[in-house]
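The block underneath contains the structure these notes are about, expressed in structure tokens.
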Amino acid sequence: MKTLQATNDFVIKFANVNGSGSASANTLFAKSIARMGVPVSPRNIFPSNIQGLPTWYEVRVCEAGWNARRGGADLMVAMNPQTWEKDVAEVTPGGYLFYDSTRPMPAGKFRDDILVIGMPLTEICNATYTDPRQRQLFKNIIYVGALAALLGIELAEVEKLIGEQYKGKEKLLEPNVKALRMGHEYALAKLPCPLGLQVQRADKVGDKVFLEGNNAAALGAVFGGATVCAWYPITPSSSMAEAFAKHCRKYRMDKETGKNNFAIVQAEDELASIGMVIGAAWNGARAFTCTSGPGISLMSEFIGLAYFAEIPATLVNVQRAGPSTGMPTRTQQSDVLLCAFASHGDTKHPILFPQDAKEAFEFTADALDIADRLQTPVFVLTDLDIGMNERLCDPLTWDDARTYDRGKVLTKEQLDAGARFGRYLDVDDDGITYRTYPGTHPSRGSFFTRGTSRDRYARYTEEGTAYVDNMQRLLRKFETAKHFMPKPVVRPAAKPSRYGAIYYGSTAPAMEEALALFEADGIHLDALRVRAFPFQDAVIDFVNDHDHVFVVEQNRDGQLRTLLVTEGALDPARLGAVLHYDGTPITARFIHGDIAKRLSALQVTPLRRTVAGGASGE
Amino acid sequence: MKTLQATNDFVIKFANVNGSGSASANTLFAKSIARMGVPVSPRNIFPSNIQGLPTWYEVRVCEAGWNARRGGADLMVAMNPQTWEKDVAEVTPGGYLFYDSTRPMPAGKFRDDILVIGMPLTEICNATYTDPRQRQLFKNIIYVGALAALLGIELAEVEKLIGEQYKGKEKLLEPNVKALRMGHEYALAKLPCPLGLQVQRADKVGDKVFLEGNNAAALGAVFGGATVCAWYPITPSSSMAEAFAKHCRKYRMDKETGKNNFAIVQAEDELASIGMVIGAAWNGARAFTCTSGPGISLMSEFIGLAYFAEIPATLVNVQRAGPSTGMPTRTQQSDVLLCAFASHGDTKHPILFPQDAKEAFEFTADALDIADRLQTPVFVLTDLDIGMNERLCDPLTWDDARTYDRGKVLTKEQLDAGARFGRYLDVDDDGITYRTYPGTHPSRGSFFTRGTSRDRYARYTEEGTAYVDNMQRLLRKFETAKHFMPKPVVRPAAKPSRYGAIYYGSTAPAMEEALALFEADGIHLDALRVRAFPFQDAVIDFVNDHDHVFVVEQNRDGQLRTLLVTEGALDPARLGAVLHYDGTPITARFIHGDIAKRLSALQVTPLRRTVAGGASGE
Amino acid sequence: MTYLAKPKLHHPDLPKNALGLTRRDYEGTISTLCAGCGHDSISAAIIQACWELAVQPHRVAKLSGIGCSSKTPTYFLDKSHGFNSVHGRMPSVLTGANLANRELLYLGVSGDGDSASIGLGQFAHSMRRGVNMTYIVENNGVYGLTKGQFSATADRGSKSKRGAVNTDEGIDLACLAMQLGASYVARSFSGDKHQLVPLIKGALTHPGAAFIDVVSPCVAFNNHEGSTRSYDYVRHHNEAVNSLDVITMHKEITAEYPPGSLQEVRQHDGSVLRLRKLADDYDSSSRIAAMSYVQSHYARGEIVTGLLYVEPDAIDLHEHLGTTMRPLNELGDKELCPGSAALAQFNASLR
Amino acid sequence: MTYLAKPKLHHPDLPKNALGLTRRDYEGTISTLCAGCGHDSISAAIIQACWELAVQPHRVAKLSGIGCSSKTPTYFLDKSHGFNSVHGRMPSVLTGANLANRELLYLGVSGDGDSASIGLGQFAHSMRRGVNMTYIVENNGVYGLTKGQFSATADRGSKSKRGAVNTDEGIDLACLAMQLGASYVARSFSGDKHQLVPLIKGALTHPGAAFIDVVSPCVAFNNHEGSTRSYDYVRHHNEAVNSLDVITMHKEITAEYPPGSLQEVRQHDGSVLRLRKLADDYDSSSRIAAMSYVQSHYARGEIVTGLLYVEPDAIDLHEHLGTTMRPLNELGDKELCPGSAALAQFNASLR
Ligand SMILES: Cc1ncc(C[n+]2csc(CCOP(=O)(O)OP(=O)(O)O)c2C)c(N)n1
Ligand SMILES: Cc1ncc(C[n+]2csc(CCOP(=O)(O)OP(=O)(O)O)c2C)c(N)n1
Ligand code: SF4
Ligand code: SF4
Ligand SMILES: [Mg+2]
Ligand SMILES: [Mg+2]
């Protein structure tokens, strides 16, 4: 049997049971590789349950730095008998299987084409520890030690990480190090070290940081000046609110008084969360909520109110697989249409699409500015893949010269100076009108906010002309929005191409990798990453400049493609839908395979560029 | 001054104050014209308020039978000093103004180019009645009498109608007739009878009935076999639920026991309404709710559950002007996108678009069949214009041979006979799977319903392949849906044309009239009325068969056009948006004017049929 | 006639309050409700209470849901910012507003449909959180604006105008508020201005969640025989347990009263609630006793009114949260943004 | 180990109930909850109660919301149809199901987050309507499934696992149910099967809205010191006011008991609730007294358990609505469609 041989380029998958304490050991494993200067991208695959069900941790080691999920497993650490068959089957031919050999496994349970490495983990633990919880926890550390030996991970880096983790809790430090070494020594002594898969020190990590999107977005909300957060727990967004609380306690406590320069309310549901955000924003505080699909559905009525009454609100939607409760612990990009058009009547909402934790930080801060500027609800659309996985990304940066854009707000001084005030009066012709905060002035600037139609001075009216005037202004405002949204990022191919690809959000890492694959194939494909809705002209021009453009996304119905077609007035026949929606993160392999197939079909069948109409097969 | 001269073709508008009892007098007026064999179409324009604000009643008398709003007023019955200026201004030059001359009006308050007819209504009433409520009520009847004299309406018809109205309440009959005659006699004696506007007996009404859409839809629900109705009051849908209750009391009481073969619950809100509908339908009863835009927004999460768990539900959305509370007593077609895609994740929902009360009856009954057949939420989209106005339409019909299509439901007998049962197992390849009602069989056919993903046997799973399998089947089911939905209605122009128009719902009467105008102009325009979403091939073919197709609708954003483009894979450049959305019903004048203008532009600028891409101006 | 503009000039003799303002300065636009609607009397009482307390009009934020009752904030305090939100969800909007600026007075106005039907959840949760507000429900037992359907406060057995009998248990919002932790709970009647005005004043000065259930007949749809919310019915079944006098800290408290009949409750802000007992056995300081009393009298067909319960040492949401005393909406970049140095440290912790 | 399939063969000696079924016939698939979770004990009690009552498994419809607790219907009665709906909205789905077929038994299972936080409105309104159901809340004071945040039933002052203190007033769902009109209200503890099983049986036989609040510790997130929902805390603060024995109409009632200590309540369906008093001063026939008792004991830190209130002559929603005795889902075209002749008359009335 020929075993896989690879250095700094392979995938290890840990199959565990949730609630068994494997998560921190696995993270330790991944981080130690990064400490050796070799990029890794780990991913949690966990059930919607607290204890006792299968959970996986996938670590892609990749010196080239691709952060996307690769697919497959070159080394399976099979710690969960529940999923044994499936896990064994998943190993790449020539790959490796590491398992707990305490209980002998019948031969039929293995495969001939992989190298099986048994280590009697339970036996070792039982011999060393008496406490059942210790037995369980240290088993994980022991296998990390063993894997370090097998894969050539420097033990010193692992120990340093343990040291950092247990700083101040030295009582815990020592037994962990001991367990680690025990595993390491055992492996060196009894297991086929080194494996064909090896980690070798490199310098490809640089000053990158290891960061979860939810944590980053939460910090973005702090830097962006959010003072009010109202939320309701829902996977995969809860950790954003929890991180916001943590950051606030650190950064937002008034030093003198010990009082909080923030208010966080865990509301009774999503209707209340968004209601509180709207109330706070109406009253001049920066406010946000974070949720996932079901929450947005419940918020729909309120979102329409904020649209029509023109109240800023920032909503971070960490998407999961829908519809309904769907697969709450799987990733998807399937709330794009909902967020763009949420609520009854004619409505449209700006959306930002961060590609990773770094942009989650930046765009959340930006969204607070944009919402104030546009006086409308603004969505930040991330997903479970971005939100709940640690990923290496460039360090976060902040320009200290930046000040908050609070938008058009009249102050007491301006009112005193006689500023003409009509709450819905478009004095600048950008569709955005001035507002005042409640309590500003004893006699000027008060107005009544409502979800019903009204005239430019906020007076209730059922007049058709006033209604239309207002609705058209809202369209004008949506046009203005484009100037405030992050611009698309274009990645031209090496040579001019008739083909293009559009992608967004968490698809970016896989897409970038796929582009490299195409380049290696000598296939030229221009690419554009959409970072916001409404789309700037550059997005529409990109489509118009190509014969055929693939829109790559992680949902069934091609939702961004729908938005492009209708909002950009584009012919759908020229937009191919590349769709991945089984709840796992999209891979470069998938994108490359799918587009390559379609490209060859396109080159056989001439493009329908000159043929109007006719349903496209996509 | 040349006054307007017209027989059986003019518009009268009554300006009243709500809560003043004018509604029944005005209806009496309109009906009496219909009784003379002359088609009328009345429309209520009322405020979101109970008493004291302006309300209008517009009666279009039109022997040609056009049911659409015409616009303008040839005779204004100006009973509301609040809106005097506006009302007077609205009269067609050469038209007539009828008003209460008890209190003298300054000359500046009139116009020179209209004929002013003053009648001291208050004075007459005060002289005749002492009770203030009587004074108010009979004033309305008196002006009906006077108008009958002025317009040539046969008094006998009015009296007959009053007789029918007060059948069994003879005490009320007599004074009403007396008031009517008083007005009639006064007018004959003192007013310029006959006016240039005249009603002349004709035979254009035939066996038509005078019917409100909400009433009709409610009866459709009865005929369609709905046994459970859960609703929450909201204008303009409440009268549907109330009519359903009335019809049920009449048609659904068990004769022997006096017990109800129905259950109606006024829920605490729309979330509860749709929840009850879903619960009832899951348990095998036909169930529906009726609501308006804000209700659908609130129901969004539950709609996704019904989509994904595949539970039949019928939702009648009587649309009003959005967004948010918008103009709750004005009409619009602005919930099309919301209903098509309601909820997070990838979802699509079938919609029926009745054009009038008759179809509201038919489609509501059909929707109950379709929902059972497809096991999914089905929308019936009407609007305030259809729902809350009496309109002449063909008598309702019902085929007694029709039986309810309860869809794929396994009975105890089938289960006993060994029918293979997988709740989500597509045995017929139409995307629709078999279900069982709870309680059917002691040991076979039970299953667990959930909004999470599951396998074909309804077992919970987080497996990507099972998820995708299921989502693709749902697409297949959506394809199957087309066969069960009402087909589009094509109205070819007299001669073959390169131009077409698509319309739906309450736009139909205006569109039909506009088509006649085009025909009169010698302009040929093929037309197609969409009656359902998903669109059948005939709809897409229609677009493909024309160079340019106008999509006429009553919303700002061209929502049906968006659906056509994305679901039909059509080039938006070839679809022109004709949009009317000020809350008033669209008119033939508007459609004719707008399309004529665009047609001439199109004929100057050659069509972009062969030019791919480029944003269209629409 | 609602379309006539109000005369602009103030009568020079109109009495002025401590701020030098007349009642007119606390009014809004003319009501578009039905003539005789109870809600209009409540608006008048709110105007009177704010004027008497010499509240600065622009320092009030008035919020409501949807319904005839929820329209009323347009009809008072036109110098205040107002927010007519969505049906049943005013409490969350008010809570959010309150979080943003703890210095304003928050007045929530709602209907029984708005608060007890669709809005029951938000009503309840705003009470449990102790949001510092005055929350008034204008309770007519029906949905006025949608034409007279029963709301969730309609009494079981009461008759609709069309003769239908309500079979669902009616919700007593005042009892619910007590149970859920509101720290000031009162009930009154729109037809009894003498009782209502001080109750509103007490609520406005109360430093926590203050709730007033005001029975407010709907003349259009619920003022007939068989209704338990008609003027007649309420007049005949009203049992006032106490009468209230609110003394703000500005006024000196001088007079002495015989003990027993009179009880003085001092609130956070220094204001004093002076309660004169009308029912001997009523104790407004015990939540449990108050609930029992109200419910057992209800079982006898009596509507207990007055200040039902007050907890003078109420702690409000901001205290629970430990929020800074400065309004959050006044904090700027400087207070809020940790800056690039902090960010560099954060980055460092992630390597 | 949850992945092991249950053994399929029944032990031949397992006791059988009146239908000849063993307990196994009332089980579901194996639980995926945490080992030691209170919810699993409640599932076991449901199985036991249904078996003892000899309920036909397929004539039960089991419905839930979302949460660990709401997952449990998969773990019992696998011959019943189940419906795991959306978070907080089970009551409306159950109500609708009940409307469609009044002949099944409806069992709603929910969590405290599901019923008291997001679902408070639906909880309340289903009680007021008197939906004939058994509604069980598996009350652990936290959101288990989303990892331990406080729910709305968490007591004020109780501590989270991470040390945060709950500042909102906790909702007592049992008191709320009494106030809102539920006709059978009980509280129990997942750790007390002897008390819980008969309470579930009583609820299942009760012809109206029956509610049971079952304190059910979450071992993962709310079983620490400072929690008021831990096994230890509940064991030490549990005050049972009575013990219940449910006698179905099938059984003859023979034994005689001394009066006073024992109270017999006969329900619609002929079943008898035999209550033995444990607290002398407790009266489960008075809603108001029961609420007072429960609340004042709560104020002393005691959790009152037992059958708190029962109204044996309860009227359910179908009686209120006058629905036919036949399940609505069995009516066919013949009963439902008025037909063309009626339509012709209808047309005629519109000309
Ligand atoms: C989501 C939603 N559902 C329904 C309505 C329709 N609606 C408007 S007001 C109202 C009831 C108002 O009743 P209440 O709060 O008692 O106020 P009242 O008019 O009696 O003062 C309803 C159901 C709405 N505006 N929004
Ligand atoms: C609309 C919506 N919001 C949030 C969630 C996330 N969620 C799932 S279960 C749950 C709380 C469950 O708590 P509880 O009802 O007490 O059940 P437990 O897990 O404690 O038994 C939440 C918030 C959801 N599923 N749906
Ligand atoms: S309908 Fe009733 S509640 Fe509404 S304004 Fe009229 S009287 Fe008041
Ligand atoms: S998390 Fe808590 S409630 Fe959920 S299963 Fe575990 S112990 Fe039970
Ligand atoms: Mg009301
Ligand atoms: Mg819980």
Side-chain angles (χ1 to χ4, degrees), chain B residues 207-211 219 222-223 225 227-228 230 251-252 254 257-265 267-269 271-285 287 301-302 305 395-400 403-404 436-443 446-452 460, chain D residues 56-61 63 66 73-74 78-87 89-101 103-104 121-122 124-125 129 317-318 321-333 335-344 346-348 350-351:
Chain B
D207 64 351
K208 284 205 165 64
V209 298
F210 217 37
L211 180 57
L219 195 68
V222 173
F223 274 70
T227 50
V228 173
Y251 297 118
R252 283 281 191 76
D254 189 288
T257 60
K259 291 279 184 182
N260 297 329
N261 284 334
F262 61 92
I264 303 171
V265 174
E268 64 272 27
D269 63 11
L271 285 96
S273 316
I274 186 68
M276 290 179 198
V277 167
I278 288 172
W282 172 75
N283 210 1
E301 191 198 11
F302 254 134
L305 172 73
L396 306 183
T397 57
W398 187 263
D399 176 1
D400 287 326
T403 54
Y404 299 149
T436 54
Y437 298 155
T440 298
H441 193 286
S443 60
S446 73
F447 67 94
F448 211 91
T449 304
R450 42 167 65 90
T452 45
Y460 181 82
Chain D
Q56 286 186 287
H58 75 294
R59 304 299 287 172
V60 177
L63 298 101
I66 302 284
T74 328
D78 66 4
K79 298 291 178 294
S80 309
H81 276 61
F83 197 156
N84 200 185
S85 64
V86 289
H87 191 30
R89 320 292 178 190
M90 172 271 283
S92 64
V93 179
L94 189 152
T95 302
N98 183 302
L99 291 174
N101 182 358
E103 287 186 350
L104 304 185
Q122 294 217 340
H125 291 286
R129 290 196 182 97
L317 178 60
H318 279 286
L321 294 176
T323 329
T324 177
M325 294 308 291
R326 281 182 63 189
L328 291 177
N329 71 356
E330 284 181 8
L331 303 179
D333 314 52
E335 292 92 347
L336 300 178
C337 187
S340 63
L343 197 56
F346 176 77
N347 282 326
L350 298 173
R351 284 185 187 117

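Numbers restart at 1 for each chain; the letters A, B, ... are given by sequence-line order, proteins then strands. Every heavy atom of this structure was used, including side-chain atoms; hydrogens, water molecules and symmetry mates were not.
- Taking the side chain as every heavy atom from C-beta outward, Tyr251(B) and Phe346(D) approach each other to under 4.5 Å.
- Looking at Asp399(B), neither its backbone nor its side chain comes within 4.5 Å of chain D, counting heavy atoms on both sides.
- The distance from atom CG of Leu271(B) to atom CZ of Arg89(D), rounded to the nearest 0.5 Å, is 4.5 Å.
- Contact detail for Ala100(D) and Ala280(B): the closest heavy-atom pair is CB-O, 3.5 Å.
- In terms of heavy-atom pairs under 4.5 Å with chain B, the best-connected choice from Thr95(D), Leu317(D), Asn98(D), Thr74(D) is Thr74(D).
- Chain B forms the most heavy-atom pairs under 4.5 Å with one residue out of Leu321(D), Leu343(D), Leu331(D), Val60(D), and that residue is Leu343(D).
- Among residues two or more places apart in sequence or in another chain, the side-chain contact (heavy atoms from CB on, under 4.5 Å) test is passed with His58(D) by Pro442(B), Gln56(D).
- For the pair Phe447(B) and His81(D), the minimum side-chain heavy-atom distance is below 4.5 Å.
- Both the backbone and the side chain of Pro338(D) come within contact range of chain B, with heavy atoms under 4.5 Å apart.
- Between the side chain of Asn347(D) and the main chain of Leu396(B), a donor-acceptor pair closer than 3.5 Å is present.
- Looking at Arg326(D), neither its backbone nor its side chain comes within 4.5 Å of chain B, counting heavy atoms on both sides.
- When all heavy atoms of Gly275(B) and Ser92(D) are compared, the pair lying nearest together is CA-OG, 3.3 Å.
- For Ala230(B), no part lies under 4.5 angstrom from a heavy atom of chain D.
- The shortest heavy-atom contact between Lys259(B) and Thr323(D) is CD-O, 3.5 Å.
- When each of Ser443(B), Gly258(B), Gly451(B) is checked for heavy-atom pairs under 4.5 Å with chain D, Ser443(B) comes out on top.
- In terms of non-hydrogen atom pairs under 4.5 Å with chain D, the most contact-rich of Val228(B), Ile278(B), Leu305(B) is Leu305(B).
- Side chain of Ser446(B) to backbone of Asp78(D): a donor-acceptor contact under 3.5 angstrom is found.
- Looking at Ser80(D), only its backbone comes within 4.5 Å of chain B, counting heavy atoms on both sides.
- Residues Met325(D) and Thr257(B) fail the side-chain proximity criterion, which asks for heavy atoms closer than 4.5 Å.
- Interface remark: Ile264(B) contributes backbone atoms only to the contact with chain D (heavy atom separation under 4.5 Å).
- Contact of the Ile66(D) side chain with the Thr452(B) side chain is not registered, since no non-hydrogen atoms from C-beta on lie closer than 4.5 Å.
- Scanning for side-chain contact (heavy atoms from CB on, under 4.5 Å) contacts around Ala61(D) gives Trp282(B), Leu63(D), Leu104(D), Tyr106(D), with sequence neighbours left out.
- In this structure, chain D has heavy atoms under 4.5 Å from both the backbone and the side chain of Val222(B).
- The side-chain heavy atoms of Arg129(D) and Glu268(B), taken from C-beta on, include a pair separated by under 4.5 Å.
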Worksheet item: Step by step, would you call Leu328(D) with Asn283(B) a side chain to side chain contact (heavy atoms under 4.5 Å, CB included)?
Response: CA-CA 10 Å; Leu328(D) 291 177; Asn283(B) 210 1; over 6 Å; no
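- One distance of note links CG of Leu336(D) with CZ of Phe223(B); it measures 11.5 Å at 0.5 Å rounding.
- In this structure, chain B has no heavy atom under 4.5 Å from any part of Pro327(D).
- For a residue to count as touching a neighbouring chain, one of its non-hydrogen atoms must lie under 4.5 Å from one of that chain's; by this rule Thr397(B) touches chain D with the backbone only.
- Per-residue counts of heavy-atom pairs under 4.5 Å with chain B were compared for Glu335(D), His318(D), Gln122(D); the largest is that of Gln122(D).
- For Cys337(D) against Trp398(B), the heavy-atom pair with the smallest separation is SG-NE1, 3.3 Å.
- Counting heavy atoms from C-beta outward, Val93(D) and Phe302(B) have side chains that approach closer than 4.5 Å.
- Between chain D and the residues Arg450(B), Arg252(B), Lys208(B), the most heavy-atom pairs under 4.5 angstrom are made by Arg252(B).
- Proximity to chain D is absent for every atom of Tyr460(B), based on heavy atoms less than 4.5 angstrom apart.
- Looking only at side-chain heavy atoms (C-beta outward), Tyr437(B) and Asn101(D) stay at 4.5 Å or farther from each other.
- Side-chain contact annotation: Asp400(B) with Ser340(D), donor-acceptor N/O pair under 3.5 Å present.
- Nearest approach of Asn84(D) to Phe448(B), heavy atoms of both residues: CB-CE2, 3.4 Å.
- Of the two parts of Ala272(B), the backbone and the side chain both hold a non-hydrogen atom closer than 4.5 Å to a non-hydrogen atom of chain D.
- The CZ atom of Arg351(D) lies 11.0 Å from the CG atom of Leu211(B); values are rounded to the nearest 0.5 Å.
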